[in-house]
Amino acid sequence: MTVIAPPRVPSRFLPVIATFVVFVLTFGAGSVRYEGFASGQIVANLFIDNAFLIVLAVGMTFVILTGGIDLSVGAVVALSTMIAAAALRAGWPAWLTMLAVLATGSVLGLGMGLMIHKLRVQPFIATLAGMFLARGLCFVISVESVSIKDPAFRAIATESIPLGDVSITYSVVVALLVVAFAAYVLHLTRFGRTVYAVGGNESSATLMGLAAGRVKVGVYVISGFCSALAGLLFSFYMLSGYGLHAVGMELDVIAAVVVGGTLLSGGVGYVVGSVVGVLVLGTVQTIISFEGTLSSWWTKIVIGVLLLAFIALQRLIVHRQRDLQGLSRD
Amino acid sequence: ACGEGGSGGAAAGDDGTITIGFAQVGAESGWRTANTKSIQEAAEAAGIELKFSDAQQRQENQIRAIRSYVQQRVDVIAFSPVVETGWDTVLLEAKRANIPVILTDRAVDSDDTSLYETFLGSDFVEEGRKAGEWLVENATGPQKVVELQGTTGAAPAIDRKEGFEEVIASRPDIEIVASQTGDFTRSGGKQVMEAFLRSTPDIDVVYAHNDDMGLGAIEAIKAAGKVPGKDIKIITVDAVKAGMEALAAGEINFIVECNPLLGEQLMELAKKVVAGEEVPERVVTEETTFTQEEAKAALPDRQY
Amino acid sequence: MSNRRLLWPALALVALLLLNLVFTPSFFALRLQDGHLFGSLVDILRNGAPTLLIALGMTLVIATRGIDLSVGAVAAIAGAVACTHIADGGGPVTAMALALVLCAVLGLWNGFLVSVVGIQPIIATLVLMTAGRGIAMLLTEGQIVTIDDDVYRQVGAGFLVLPIAILISLAVLGGVALATRRTALGMLVESVGVNPEASRLAGVRARTIIWTVYVFVALCAGVAGLMISSNVSAADANNAGLWIELDAILAVVIGGTSLAGGRYSLTGTLLGAVIIQTLTTTVYTIGVPPEVTLVFKAVVVIIVCLLQAPRVAPALRRAPAPPKAEQEVEEVAVR
Amino acid sequence: MTDPTNPARTRPGNEPLVDLRGITVEFPGVKALQDVDFRLFPGEVHALMGENGAGKSTLIKALTGVHALDTGEIHLAGEPVSFAGPAQAQAAGISTVYQEVNLCPNLSVAENILLGREPRRFGAINGWAMRARAAKLLSRMGLTIDPGSALGNHPIAVQQLVAIARAVAVDARVLILDEPTSSLDAGEVAELFRIIRVLRDEGVAILFVTHFLEQVFQISDRVTVLRNGKVVGEHDTPKLSRITLVSAMLGRELGVLAEVERRTERRAADPAPLLVAEGLGRSGAIEPFDLEIHAGEVVGLAGLLGSGRTELARLLAGADRADTGRVLLDGRPLRLRSPRTALAKGIAYSSEDRKAEGLVSDLTVRDNMILAMQAARGWARQVPRRTADELVASYLARLDIRPANPDAVVGTLSGGNQQKVLLARWLITRPRLLILDEPTRGIDVGAKAQIQQVVADLAADGMAVLFISAELEEVVRICDRIVVLRDRHKIAELSGADAGVDDVMELIASGSTRVEVRS
Ligand SMILES: Nc1ncnc2c1ncn2[C@@H]1O[C@H](COP(=O)(O)OP(=O)(O)OP(=O)(O)O)[C@@H](O)[C@H]1O
Ligand SMILES: Nc1ncnc2c1ncn2[C@@H]1O[C@H](COP(=O)(O)OP(=O)(O)OP(=O)(O)O)[C@@H](O)[C@H]1O
Ligand SMILES: [Mg+2]
Ligand SMILES: [Mg+2]
């Protein structure tokens with residue numbers, strides 16, 4: 001019997017590593033260029049300002065790993081802030097409000113998941129409809145923005161946790177916990193591995209006797225839950241509920257996940273990559289605000305160019321490595 | 001939390017120039033662009049260093065920008081809030097870092113007024129009222145009004161509607177028969193107006209929350225074979241150049257000004273705030289209204 | 001098979017139109033005035049023309065398993081180029097030509113990123129989606145450029161009995177239908193979309209095909225941008241074509257084309273685009289309050305999608321026969 | 001001739017474990033199964049036979065809940081059951097390897113084997129234990145690949161073995177194998193049969209589909225034959241003759257078994273070689289080799305699994321780029337940059353993996369057949385509809401593809417018929433050199449003979465053919481020359497006239513010495 005051992009490559013980690021390298025490089029470039037950039041607090045702010053994006057990216061990673069997509073996340077964030085603000089205004093206690101928000105997000109996710117799995121509606125439309133619905137519900141609750149005056153919410157929002165020189169917020173802690181838990185689920189539980197299997201080849205996964213259907217619905221529930229949680233973090237961040245919050249955020253999240261090395265076709269990617277992806281996009285924003293001289297249109301152009309530079313650099317690194325390992329096949 | 005210790009502006013203190021960090025909403029309309037331009041030009045004229053950032057209509061980007069201004073220790077932070085709510089946390093950070101904040105264009109909804117020094121800007125409800133008053137004064141007999149709202153949920157849209165409705169409530173014969181959002185855009189205004197013209201016969205008045213939607217409505221009215229300004233009266237808000245031209249040409253009947261040129265006033269306020277002088281809590285921009293004749297007279301001097 | 005699948009969305013469209021009729025008795029009325037045809041139905045088609053045009057290009061892109069998010073920005077750029085050129089004293093024809101050439105270049109750029117550099121389409125085109133609007137604003141300096149040019153006005157607001165915008169879109173529809181049927185483009189696009197590796201081994205020039213479709217969709221977006229700006233005689237870099245990419249993709253998907261690539265339906269796309277525009281017009285005519293507009297749209301979209309869904313449609317068609325699980329598994333296996 | 005009365009209708013003291021009664025499954029336009037009765041006893045190996053498209057895979061899918069039944073019922077150990085999906089069938093103790101390899105290429109080998117039943121510790125998957133267990137299962141199959149490597153990096157045959165390893169990893173009551181041996185070499189097959197016998201002796205009921213008659217007689221206890229969706233016979237294998245079996249399958253008495261015996265008389269091939277490879281190689285795939293192929297000649301590639309046959313073929317076809325050596329065509333250097341350039345020069349390559357690299361499953365039979373021809377012409381010049389129809393019709397007939405419907409979606413064809421469509425695609429391009437990697441995978445006896453005949457005819461007409469097959473008999477039978485590969489080295493070249501299966505086997509098995517035999 002012949003022994004067959006294809007070259008063992010950590011090639012699946014390459015995109016994540018590449019993204020991380022690019023992130024470090026950019027951050028270094030920012031530090032050289034801008035005074036006050038290379039401070040611990042800037043890094044901490046990167047997490048503080050993007051905690052909700054990190055949570056969203058985690059949920060989106062689950063969905064994209066199965067080969068689906070969730071366009072509703074931005075709208076669910078807005079809806080969550082709206083429900084939170086409205087419920088608190090109506091005098092609900094903070095814990096009940098939070099539960100209600102998380103439940104709403106999960107139920108919306110469940111609805112979309114069932115539509116996708118049971119009725120075989122394409123994820124793109126099912127979640128687009130979900131997006132319309134969630135945003136529409138915001139305006140049904142209130143057209144105006146509602147501010148959150150609840151002391152518990154305010155306390156969570158303004159409290160900071162000192163860590164040596166820098167300080168972070170509770171949102172950051174929540175986001176990091178979510179990441180850790182998601183990584184655990186994806187890599188060490190049957191559910192997580194089935195997520196990858198479904199993304200690799202759905203019909204094979206079904207024929208292998210895996211619970212493909214349950215997993216497919218499950219990832220949308222997770223994404224809905226993460227969106228609601230991100231919505232809560234967002235309401236800590238904003239202390240307000242508003243139907244126009246987080247417009248277009250779904251694209252940011254998808255971009256972050258994909259920049260982090262996850263393939264939209266499913267089956268390949270890591271939550272950690274998505275986190276780095278979020279940090280990369282956050283760094284772009286930070287650079288833009290440090291630059292401070294860009295007009296509105298140059299802002300857009302520079303964001304586009306930086307995004308391109310990131311991806312190009314990432315691809316370059318990945319390709320280099322692949323070539324060195326004799327893996328390229330074109 | 002952030003930036004304890006450093007009081008006063010490291011970025012500026014040394015050579016005496018003032019640094020302002022200005023967090024703009026975006027560049028979503030011609031009005032906004034004029035606003036940005038005015039601030040940039042005024043800063044240059046006043047010898048103030050301006051750090052400008054564009055939030056692409058996103059509050060979180062604006063918060064991020066303000067946070068980075070705190071980090072960069074600017075002398076004054078000014079911004080046009082995207083939304084009224086949700087500023088407490090970041091403004092608190094600025095306050096802790098001893099950086100004064102000036103609001104432009106729109107107030108924030110906070111119980112703690114110590115978070116900002118002053119608010120410079122227009123009053124959208126008042127604009128709606130002015131539009132309503134003109135109609136009430138000039139309407140002879142019952143009027144069917146259609147309203148082209150701004151983006152659903154946007155503050156100017158809500159307030160301009162509110163002010164207008166408040167005033168016309170005094171006249172039971174003036175009735176809003178249809179109201180729909182045209183998203184503040186010309187094509188939105190045109191499409192909505194087309195549909196109104198088909199579904200609602202005998203429209204007397206169009207009230208558009210900004211000039212652009214009004215201009216779109218004019219196109220739709222013309223295409224339907226009617227004469228804008230005569231068969232159907234048009235009231236808009238903003239007074240951008242294209243609107244003023246249409247007003248002068250008799251296609252619009254009345255425009256309520258919403259002045260974007262806040263630059264000079266802002267720079268003056270900033271200087272005062274840095275110098276530690278008292279500033280009023282509320283500074284209203286000078287705004288007026290235009291009839292067709294006034295427009296003809298004012299048009300040659302309009303900057304935007 | 002795809003035709004039967006379109007039956008239910010088509011009925012949904014009819015239902016929407018009838019709903020309008022209830023609120024506006026003259027909804028179906030057509031009026032010939034000065035040799036121009038007027039009426040709500042004409043309005044729907046005219047306002048839907050840009051979406052339809054972009055959706056046609058998008059159909060081919062999606063068939064290759066791609067997606068183009070930059071079409072809205074490209075449309076804005078086209079309008080901006082044309083209007084600034086005219087405002088600077090240029091002729092309308094050169095202005096339009098200039099705009100379209102630039103759009104073709106932008107399409108080449110997207111195609112380059114996707115087919116040569118190998119970036120995932122959604123990200124590759126996201127770059128231009130972001131930067132493109134910046135470019136459009138740079139051209140117009142953030143202002144709305146208003147022009148007054150009768151020739152230019154024709155593209156979006158002119159009439160040749162029917163509005164010219166409708167005629168252009170239908171001509172492109174016919175052109176694409178012909179091109180995909182009379183040439184091998186349709187088949188090769190599908191084969192690249194379904195199985196890129198098999199296509200490569202069969203000697204298909206996948207790169208050229210992908211490049212072609214991205215240039216084509218950019219050109220469609222360009223023409224759509226000209227229509228949009230011509231319709232209001234102004235270029236609005238910020239709002240022209242905003243979110244039109246979502247509408248276009250939605251139209252394609254409602255039309256039964258799968259985002260996973262492969263088989264596509266141009267008729268379906270036409271139907272999808274008309275449904276979307278009818279929905280917008282319906283909201284205006286029946287007076288849905290703005291705050292529930294989105295909920296209304298969501299409900300209609302969900303209903304249309306459910307009607308078209310592989311699981312539901314057969315059940316409705318022949319209620320007695322139970323839907324077969326195997327077909328779906330096979331369909332999935334096929335991807 | 002066949003005896004439809006069932007010798008094994010009832011086995012004394014033994015209840016059937018699986019009992020299918022009156023199964024009918026219909027697809028749009030096709031009755032894939034019609035009133036099929038089938039039973040499977042514990043402790044037996046039961047071969048399911050039939051032509052391509054007879055309904056074997058459909059029967060398996062109907063049993064395991066992939067396809068819903070139109071009529072009929074399933075009894076498992078006497079209890080009526082109805083599975084809503086493969087998961088339920090698995091839970092009931094039915095372990096299945098479906099015909100096309102159905103695994104997840106993005107996951108590791110170990111995960112593919114143990115997914116859904118991973119060893120866990122404190123609720124978390126224990127990756128280390130999982131790899132260890134997978135390694136043990138793999139070594140039981142005679143495979144020593146790294147269980148942590150991604151499945152997609154392995155050739156199709158290894159994937160097939162992994163799929164089998166997955167199926168035998170559980171304590172199943174019923175084991176179903178749909179053409180498990182179609183891409184395995186003799187050694188692998190022997191290993192598999194050893195395992196099957198062990199399981200059978202443990203009382204597992206085994207259902208086995210194959211097109212290799214020898215294997216049927218080697219391993220099975222009983223045979224059920226399907227034809228056009230109907231059962232035409234159930235037999236005890238020892239009492240069955242090959243002739244009876246084949247005529248039951250084909251429904252006619254046929255001299256098909258008088259296989260292609262034409263290699264005796266070979267013209268002296270064209271003295272100038274059509275294609276020459278000099279020191280061609282690619283690191284990590286195949287060591288540099290020399291090779292000459294003449295027009296009118298069939299050259300076979302023999303070797304074990306993973307010996308580098310496919311990799312060699314891919315270099316010649318431009319599917320991969322060589323990093324050393326060069327290729328001469330008609331004596332002129334040829335730069336093979338892509339399959340496209342190779343095709344333009346008349347080199348066509350039919351991949352062994354028809355699902356991933358061959359067919360465009362959503363398209364019709366017609367489109368699939370003319371795809372390569374169309375690609376060569378470019379998109380602007382469509383193959384005229386009439387030409388296409390004529391070509392397609394002629395190949396549907398020539399290769400006896402069923403259903404003979406050019407508008408059928410190719411993904412709905414049975415495995416063997418898909419393979420024929422793929423072959424037709426390459427024949428339509430009229431190549432000068434045709435590289436066939438496992439062209440007879442999953443093809444029934446009759447069709448296999450047909451394809452072999454086609455290859456022989458093509459060579460006679462002056463085409464050069466490079467023929468790869470795991471079935472040594474086949475290679476030896478139809479090839480003029482046989483190139484033997486081992487561990488990615490070319491180790492020998494034999495003249496077909498002198499070579500027998502044993503000679504080749506010996507070379508393959510022989511130790512480290514490099515043998516260079518030229519005829
Ligand atoms: N999903 C499907 N849709 C339509 N027809 C199908 C489908 N699956 C199988 N068929 C048809 O059912 C018949 C039986 O196919 P099946 O795959 O069971 O054959 P098989 O005996 O396994 O053949 P092979 O030996 O080639 O694998 C064929 O005519 C095939 O075309
Ligand atoms: N995509 C791939 N990536 C990495 N290594 C591969 C890949 N495909 C094949 N290999 C390796 O290349 C070697 C040669 O494989 P090849 O497919 O050429 O063998 P083969 O002789 O054709 O065997 P088979 O009979 O299985 O087709 C094997 O060790 C295999 O593991
Ligand atoms: Mg089969
Ligand atoms: Mg091989």
Side-chain angles (χ1 to χ4, degrees), chain A residues 67 69 71 75 111 115 118-126 128-143 201-204 206-207 212 243 248 251 254-255 258-259 262-265 295-308 311-312 314-315 319 329-330, chain C residues 65 67 69 73 113 117-124 126-142 200 237 243 246 249-250 253-254 258-260 290-302 304-306 308-312 328-335:
Chain A
I69 198 148
L71 295 180
M115 234 170 112
K118 293 280 178 202
L119 305 172
R120 304 203 182 254
V121 176
Q122 293 192 47
F124 190 93
I125 351 186
L128 189 65
M131 162 176 158
F132 288 161
L133 188 67
R135 236 182 241 291
L137 289 175
C138 293
F139 293 122
V140 172
I141 295 175
S142 165
V143 176
N201 189 333
E202 188 184 338
S203 70
S204 290
T206 311
L207 291 180
L251 278 181
I254 294 169
V258 175
V259 166
T262 302
L263 289 190
L264 272 180
S265 44
S295 64
S296 302
W297 31 98
W298 279 111
T299 304
K300 284 185 198 286
I301 295 174
V302 169
I303 292 178
V305 170
L306 283 179
L307 186 62
L308 178 68
I311 300 161
Q314 186 199 33
R315 284 214 55 92
H319 251 269
R329 258 203 172 182
D330 51 325
Chain C
R65 217 184 256 182
I67 201 153
L69 295 182
L113 290 185
V117 188
I119 299 176
Q120 296 191 55
I122 199 166
I123 289 294
L126 185 66
V127 170
L128 191 57
M129 180 190 187
T130 317
R133 224 163 255 289
I135 294 171
M137 287 162 74
L138 187 67
L139 289 167
T140 61
E141 293 176 349
R200 188 183 77 99
W243 302 124
L246 280 189
I249 297 169
L250 187 59
V253 180
I254 286 182
S258 159
L259 282 174
E291 45 293 1
V292 296
T293 301
L294 279 172
V295 176
F296 178 79
K297 279 192 178 178
V299 170
V300 175
V301 169
I302 291 173
V304 171
C305 293
L306 289 188
Q308 176 245 27
R311 270 274 167 96
V312 186
E328 278 105 28
V329 172
E330 226 38 58
E331 266 168 43
V332 179
V334 144
R335 304 252 118 87

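Note that this is a predicted model, so its numbers are computed, not measured. A, B, ... follow the sequence lines: proteins, then strands. Residue 1 opens every chain.
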S.K.: Using a cut-off of under 4.5 Å for heavy-atom pairs, which of I249(C), L113(C), V299(C) has the most such pairs with chain A?
M.R.: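 Looking at each of I249(C), L113(C), V299(C) in turn, I249(C) comes out on top.
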S.K.: Pick from V143(A), L263(A), V140(A): which one has the most heavy-atom pairs with chain C under 4.5 Å?
M.R.: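 That would be L263(A).
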S.K.: Check the surroundings of atom CD in E141(C): do more than 12 heavy atoms from other residues, nucleotides or ligands lie under 6.0 Å from it?
M.R.: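 Atom CD in E141(C) is not crowded, with 12 or fewer foreign heavy atoms closer than 6.0 Å.
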S.K.: Among all residues two or more places apart in sequence or in another chain, which pass the side-chain contact (heavy atoms from CB on, under 4.5 Å) test with I141(A)?
M.R.: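 Once residues adjacent in sequence are excluded, the partners of I141(A) under the side-chain contact (heavy atoms from CB on, under 4.5 Å) criterion are L79(A), M82(A), I83(A), A86(A).
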S.K.: Given side chains that start at C-beta, do those of L306(C) and M115(A) come closer than 4.5 Å, heavy atoms only?
M.R.: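 Answer yes - side chains close enough.
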S.K.: How far apart are the closest heavy atoms of I122(C) and I69(A), and which atoms are they?
M.R.: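 Closest approach of I122(C) to I69(A), heavy atoms only: CD1-CD1, 4.3 Å.
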S.K.: Of all the heavy-atom pairs spanning F132(A) and A298(C), show the shortest one and how long it is.
M.R.: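 The pair with the smallest heavy-atom distance is CB-CB, 3.5 Å.
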S.K.: Where on L128(C) is there a heavy atom nearer than 4.5 Å to chain A: the side chain, the backbone, both, or neither?
M.R.: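 The answer is neither part of L128(C).
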S.K.: Looking only at non-hydrogen atoms, find the nearest pair between V258(A) and Q120(C) and report the distance.
M.R.: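 Answer, listing the atom of V258(A) first, then Q120(C): CG1-NE2, 3.4 Å.
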S.K.: Just give me the residue among W298(A), W297(A), F139(A) that pairs up with chain C most often, heavy atom to heavy atom, under 4.5 Å.
M.R.: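 Answer, by heavy-atom pair count under 4.5 Å with chain C: W297(A).
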S.K.: Heavy-atom distance under 4.5 Å to chain C: side chain of L128(A), backbone, both or neither?
M.R.: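 Only the side chain of L128(A) comes within 4.5 Å of chain C.
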S.K.: Go through the structure and list residues passing side chain to side chain donor-acceptor pair (under 3.5 Å) with S142(A), not counting sequence neighbours.
M.R.: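 If we apply the side chain to side chain donor-acceptor pair (under 3.5 Å) test to S142(A), skipping adjacent residues, there are no hits.
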S.K.: Heavy-atom pairs under 4.5 Å with chain A: which of L138(C), V304(C), L250(C) has the most?
M.R.: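 The candidate making the most pairs under 4.5 Å is L138(C).
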S.K.: Of all heavy-atom pairs between S296(A) and M137(C), which one has the smallest distance, and what is that distance?
M.R.: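 Here S296(A) and M137(C) meet closest at CB-CE, 4.2 Å.
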S.K.: Hey, are the side chains of L251(A) and L69(C) touching, using non-hydrogen atoms and a 4.5 Å cut-off?
M.R.: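 When only atoms from C-beta onward are counted, L69(C) and L251(A) do touch, with a gap below 4.5 Å.
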S.K.: Taking every non-hydrogen pair under 4.5 Å, which of L133(A), V259(A), I303(A), L308(A) racks up the most with chain C?
M.R.: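 Going by pairs under 4.5 Å, I would pick L308(A).
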S.K.: If you count heavy-atom pairs within less than 4.5 Å of chain C, which of L264(A), L306(A), V302(A) leads?
M.R.: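 With the most close heavy-atom pairs to chain C, the winner is L264(A).
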S.K.: Pick from V301(C), L259(C), V292(C), I302(C): which one has the most heavy-atom pairs with chain A under 4.5 Å?
M.R.: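 Of the options given, most contacts go to L259(C).
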S.K.: Between I123(C) and A255(A), which heavy-atom pair has the shortest distance, and what is it?
M.R.: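 Closest approach of I123(C) to A255(A), heavy atoms only: CD1-CA, 3.6 Å.
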S.K.: If you look at every heavy atom in A131(C) and G304(A), which pair is closest and at what distance?
M.R.: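 Nearest heavy atoms, A131(C) then G304(A): CB-CA, 4.1 Å.
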S.K.: Say whether, by atom type as modelled, one donor and one acceptor occur between the side chain of Q122(A) and the main chain of V253(C) under 3.5 angstrom.
M.R.: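 A pair under 3.5 Å: no.
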